[in-house]
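Structure first, commentary second.
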Amino acid sequence: MSQKKTYYITTPIYYPSGKWHLGTCYTTVICDALARFKRMSGYDVFYLTGTDEHGLKIQEKAAACGMDTKKYLDIQVNNLKKIWEIYDISYNKFIRTTDEEHKSAVKRIFQKLYDKGDIYKGEYEGWYCVPCESFWTKSQLIDGKCPDCGREVERTKEVAYFFKLSKYQDRIVKLFQDNPEFLEPKSRVNEMVNNFLTPGLQDLCVTRNSFKWGIEVPFDPEHIIYVWIDALTNYLTALGYESNDDSLFKKYWPADVHMTAKEIVRFHSIIWPALLMSLELPLPKKVFGHGWIMFGEDKMSKSKGNVIDPTILAERYGIDSIRYYLLRDIPFGSDGNYTNSMLLNRVNNDLANTYGNLISRTVAMIHQYCNGQIPVKSTEMPEDAELIAMASSMLDNVTARIDKLEIPDAIAEIFKVIQRANKYIDETTPWSLNKLGEKERLNTVMYNLSEVIRIVTVGLLPFITKGTVKVLDTFNVPENGRTFESIKKFGFSKAGVNVEKLSPVFPRYDIVKEVAELEKLAEGSEPKVEKKVEFINKPEVTLDDFDKLQLRVAKVLSCEKVEKTDKLLHLTVDCGGVQRSIVSGIAKYYKPEDVIGKSVTIIANLAPVKLRGILSEGMILCAADENGKLAIVSPDKDIDSGSEVK
RNA sequence: CGCGGGGUAGAGCAGUGGUAGCUCGUCGGGCUCAUAACCCGGAGGUCGUGUGGUUCAAGUCCCGCCCCCGCAACCA
């Protein structure tokens with residue numbers, strides 16, 4: 001018995017701290033299409049997805065909802081699994097980093113790395129911004145200040161464990177050099193080399209003790225294993241690595257593709273290989289960093305964000321449409337735009353008009369001219385040759401594209417055949433053959449059409465999962481006629497098989513109307529989205545503490561953008577007859593002319609600092625919400641500048 | 001400021017130094033089996049910019065400038 005070739009494909013494990021969105025679906029749908037395609041091509045496929053459930057954010061998020069952390073996670077994960085069910089995702093395993101198996105394996109992996117001498121205890125030196133409660137590295141600081149609030153940071157030390165990433169520098173560099181296929185698309189390689197490899201890899205801090213929700217270091221439970229070792233290793237532990245039964249690991253490792261989005265390419269293409277090298281395991285064959293889905297140029301994109309809710313779209317247009325759009329319309333590897341009308345246009349043109357209509361007209365003619373049965377093929381004419389040739393070579397072309405991960409092009413290969421079939425109908429004009437009584441020729445044409453439809457439909461199965469099955473059912477295609485094997489050669493279909501009647505499989509939408517309704521839907525649902533403001537409560541303060549702050553009203557005299565910065569405005573304010581210079585990071589929200597003449601509230605006794613070389617003597621109070629809106633806090637009536645706020 | 005990506009027909013994108021292409025839209029024609037669908041044809045681009053450099057030849061290589069986007073150590 002010869003062993004089937006294996007194919008191990010993974011999505012990243014998703015972080016269940018927020019709402020699930022279309023981007024998550026994108027990654028997962030791509031992997032699903034690949035997994036299905038490989039299965040049909042005869043591979044023994046293992047498709048892994050899951051969730052990364054540890055860390056401070058999760059702990060806080062659950063607390064903010066007033067829930068037990070694990071319970072919160074269970075709900076989130078459940079929601080995600082429901083989405084995958086709707087999206088027809090054919091994963092073989094869903095791993096959670098809170099799974100006991102994973103946790104114990106991670107501990108053993110950590111121990112292994114430690115025993116090898118690749119993990120050592122050291123001191124984590126960082127710059128700590130007390131008000132923001134955040135650690136920053138030196139390179140993150142802006143002019144030596146906290147990049148978030150622009151205030152002074154203090155140098156802090158913390159004991160932690162480090163992984164000797166630097167030790168693997170040379171081997172990683174060599175990996176990129178010798179193996180250009182390892183990381184794709186190519187542009188990402190430059191990014192990695194220039195940003196991280198050339199400057200030199202730093203050892204990586206792999207534990208934290210600022211939170212508890214995670215896996216403890218086996219020999220030092222004060223410390224929690226940080227995301228790198230905890231999350232990345234899921235690709236191993238899901239297969240039972242370091243467990244009682246590692247047969248799956250032996251069978252499927254190394255992974256064929258780790259699909260990731262571009263922002264986590266670094267972890268997968270540098271840190272992950274280094275960890276594997278340390279564990280002396282083979283490296284994955286490929287890491288692919290795909291692009292992002294942007295929200296087009298839709299002006300109201302922010303407020304319409306929830307239209308992109310993956311379940312709303314799926315409910316409204318069916319999963320075939322969404323999957324098809326994601327796979328076909330997003331240029332793989334670079335960023336793609338999403339707009340409602342792009343989605344609907346694509347679905348109307350390809351699914352309804354080109355493909356759906358081909359089926360409709362063919363089925364209708366079989367019923368009108370052939371008693372609803374696939375007819376006998378006899379008189380072949382030269383004009384059949386091209387169609388048959390295209391249908392016969394289709395699978396090879398599609399496979400070649402898929403092997404290069406060119407998914408939109410793979411689908412385009414199938415549509416070339418579909419378009420050719422539509423043209424074939426025009427060339428052969430079955431209706432006039434019918435009038436002329438050329439029965440044999442008519443039958444041949446209708447046979448060829450039925451067979452082409454079978455071939456393209458089987459080819460589409462990995463991408464479009466529902467409607468395609470309906471089409472094959474309509475033509476009563478037997479199981480063994482739904483395989484890739486059966487479409488390598490033209491002529492599998494048998495004459496005499498009944499063809500069912502059918503209503504349109506892929507409906508056509510009124511784009512103008514739908515877009516308008518989606519927008520209305522977005523607006524309508526806007527207020528409904530409960531905005532539970534979550535905040536980390538700061539410790540209680542006394543009046544004395546408050547008294548330390550000197551808050552005053554000031555009037556903006558002049559304001560200009562600080563050159564070569566994105567965020568900074570330089571304001572000159574009058575505060576009780578004294579002029580002050582203040583630099584504020586509000587340029588993204590306010591234009592200079594918007595604030596001139598405005599009364600604002602400032603902290604007047606904040607220690608002066610220089611930002612971008614400009615003196616800032618104070619801070620303007622602003623309110624910021626979770627959606628990235630920002631508003632200056634101003635007195636609600638006219639009041640003298642310099643008035644104290646208390 | 002650093003690094004990366006990009007600026008090609010109304011929109012979205014391809015394009016190995018040698019007649020500038022594809023999809024959608026648009027305009028005109030054809031057909032009537034079909035989901036106002038399908039088929040054919042046309043129009044539309046001095047390829048961000050410099051009247052820059054290399055070359056017999058540049059969208060394609062080099063240099064300068066402008067603009068957009070992303071990354072910068074837990075956002076797919």
Side-chain angles (χ1 to χ4, degrees), chain A residues 11-15 17-18 20-30 52 54-58 135-137 139-140 142-143 147 185 187-196 198-199 202 204-205 208 226-228 230-231 259-267 270-271 289-294 296-297 328-331 333-337 339 341-342 345-346 348-369 408-409 412 415 419 421-434 446 449 503-509 564-565 612:
Chain A
T11 72
I13 47 176
Y14 304 114
Y15 202 64
S17 67
W20 302 111
H21 54 101
L22 198 62
T24 325
C25 295
Y26 178 52
T27 317
T28 312
V29 165
I30 286 168
D52 168 23
H54 290 132
L56 185 61
K57 262 195 206 164
I58 295 285
F135 261 107
W136 304 101
T137 61
S139 58
Q140 285 177 301
I142 295 175
D143 288 338
S187 54
R188 307 269 177 250
V189 177
N190 298 334
E191 217 168 308
M192 291 306 118
V193 170
N194 288 327
N195 279 327
F196 306 108
T198 306
Q202 312 259 316
L204 193 69
C205 180
R208 289 293 134 102
Y226 195 48
V227 62
W228 320 118
D230 179 356
M259 191 62 63
T260 78
K262 62 184 182 185
E263 82 285 356
I264 48 174
V265 160
R266 212 188 87 250
F267 317 141
I270 295 179
I271 299 175
H290 67 68
W292 280 345
I293 299 173
M294 313 305 237
E297 63 285 301
R328 175 63 231 258
D329 233 25
I330 311 291
S334 50
D335 292 347
N337 284 308
T339 63
S341 61
M342 280 172 109
N345 258 311
R346 186 48 95 175
N348 270 359
N349 279 311
D350 291 6
L351 295 188
N353 296 350
T354 308
Y355 177 53
N357 186 47
L358 171 69
I359 293 156
S360 284
R361 59 203 304 217
T362 304
V363 168
M365 286 190 284
I366 287 177
H367 280 279
Q368 284 171 50
Y369 307 144
D409 303 283
F415 271 82
Q419 277 165 345
N422 272 320
K423 186 172 174 179
Y424 179 76
I425 295 179
D426 269 52
E427 286 168 347
T428 54
T429 56
W431 48 92
S432 39
L433 292 174
N434 182 54
M446 295 318 298
L449 282 171
S503 50
V505 187
F506 303 102
R508 155 170 252 283
Y509 299 99
K564 293 189 179 176
T565 66
R612 290 255 138 211

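All chains are named by letter (A, B, ...) in the order of the sequence lines, taking the proteins before the strands, and each is independently numbered beginning at 1. The shown structure was predicted, so the numbers you read here are calculated from the model rather than taken from an experiment.
- Taking atom CG on Asp350(A) and atom P on C22(B), their separation rounds to 17 Å, with Å as the unit.
- Atom CZ of Arg328(A) and atom P of C22(B) are 14 Å apart (whole Å).
- Comparing atom distances between the Thr24(A) side chain and each of A76(B), U23(B), A37(B) picks out A76(B) as nearest.
- Relative ring orientation between Phe506(A) and Tyr355(A) is described as tilted, the plane-to-plane angle lying within the 30° to 60° band.
- When each of Leu433(A), Thr362(A), Ile425(A) is tested with Met446(A) by the rule side chain to side chain contact (heavy atoms under 4.5 Å, CB included), just one qualifies, namely Thr362(A).
- The distance from atom CG of Asn349(A) to atom P of A36(B) is 14 Å, rounded to the nearest whole Å.
- When the P atom is compared between C22(B) and G45(B), the two are found 16 Å apart, to the nearest whole Å.
- In this structure, the nucleotide among A73(B), G25(B), U35(B) sitting nearest to the side chain of Trp228(A) is A73(B).
- At a threshold of 4.0 angstrom between heavy atoms, the contacts of Tyr14(A) are confined to the sugar-phosphate backbone, with no base atom among them.
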Practice problem: Start with the C-alpha distance between Asn422(A) and Arg361(A), add both sets of side-chain angles, then the distance that settles side-chain contact (heavy atoms from CB on, under 4.5 Å), and finish with yes or no. | Solution: CA-CA 9 Å; Asn422(A) 272 320; Arg361(A) 59 203 304 217; 2.9 Å; yes
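- Summarising the geometry of Ala352(A) relative to Pro507(A), their closest heavy-atom pair is CB-O, 3.7 Å, with the distance given to 0.1 Å.
- OP1 and OP2 of A36(B) both lie 4.0 Å or more from every side-chain N or O belonging to Arg508(A).
- Results of the side chain to side chain contact (heavy atoms under 4.5 Å, CB included) test with Ser432(A) over Thr429(A), Thr428(A), Asn434(A) single out Thr429(A) as the only residue that passes.
- C62(B) sits 14 Å from U16(B) when the P atoms are compared, rounded to a whole Å.
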Quiz prompt | Stepwise side-chain contact (heavy atoms from CB on, under 4.5 Å) test for Phe267(A) and Thr260(A) | solution = CA-CA 10 Å; Phe267(A) 317 141; Thr260(A) 78; over 6 Å; no
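- Closest to the side chain of Met342(A), out of C38(B), U35(B), G12(B), is G12(B).
- Straight-line distance from the CG atom of Asp329(A) to the C1' atom of A14(B): 15 Å, rounded to whole Å.
- With P as the reference atom, U46(B) and U54(B) are 26 Å apart, rounded to whole Å.
- In terms of heavy-atom proximity, Tyr15(A) sits nearest to His54(A) at OH-O, 2.9 Å.
- The distance from atom CD of Gln419(A) to atom P of A37(B) is 15 Å, rounded to the nearest whole Å.
- One atom, CG of Asn348(A), and another, P of G25(B), lie 10 Å apart when rounded to the nearest Å.
- The gap from the P atom of A37(B) to that of G42(B) amounts to 22 Å, rounded to the nearest Å.
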Quiz item: Could you write out RNA chain B as a dot-bracket string, with dots for unpaired bases, | for bases paired across to another strand, and Watson-Crick or G-U pairs counted at under 3.5 Å?
Solution: .(((((((.[[[[.)..(..]]]].(((((.......))))).....[[[.[[..)....]]]]])))))).....
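- For A43(B) and U55(B), the P atoms lie 37 Å apart once the distance is rounded to whole Å.
- As a whole-Å value, the separation of Asn345(A) CG from A11(B) P is 15 Å.
- Side-chain contact, Asn357(A) with Arg508(A): no donor N or O sits under 3.5 Å from an acceptor N or O.
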Quiz prompt | Nucleotide-resolved protein contact map, nucleotides 27-34 of chain B, B/S/- at heavy-atom distance under 4.0 Å | solution = ---BSSBB
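- The separation of A34(B) from G10(B), taken at their C1' atoms, amounts to 30 Å, rounded to a whole angstrom.
- Comparing the same atom, C1', in C1(B) and in G18(B) gives a spacing of 42 Å after rounding to whole Å.
- You'll find that the side chain of Phe506(A) is closest to U35(B), out of U35(B), C39(B), G25(B).
- As rounded to the nearest Å, G29(B) and C69(B) have P atoms that lie 44 Å from one another.
- Remark: the backbone N or O of Gln419(A) is not paired with any side-chain donor or acceptor of Tyr424(A) at under 3.5 angstrom.
- As rounded to whole Å, 14 Å separates atom C1' of A37(B) from atom CG of Leu351(A).
- At distances below 3.5 Å, not a single donor-acceptor pair connects side-chain atoms of Asp52(A) with backbone N or O atoms of Ile13(A).
- RNA chain B is contacted by both Ile13(A) and Val505(A); Val505(A) maps to the nucleotide lying nearer its 5′ end (nearest heavy atom per residue).
- Distances shorter than 4.0 Å separate some side-chain N or O of Lys423(A) from OP1 or OP2 on C40(B).
- In this structure, Phe415(A) and Leu351(A) approach most closely via the heavy-atom pair CZ-CD2, 4.4 Å.
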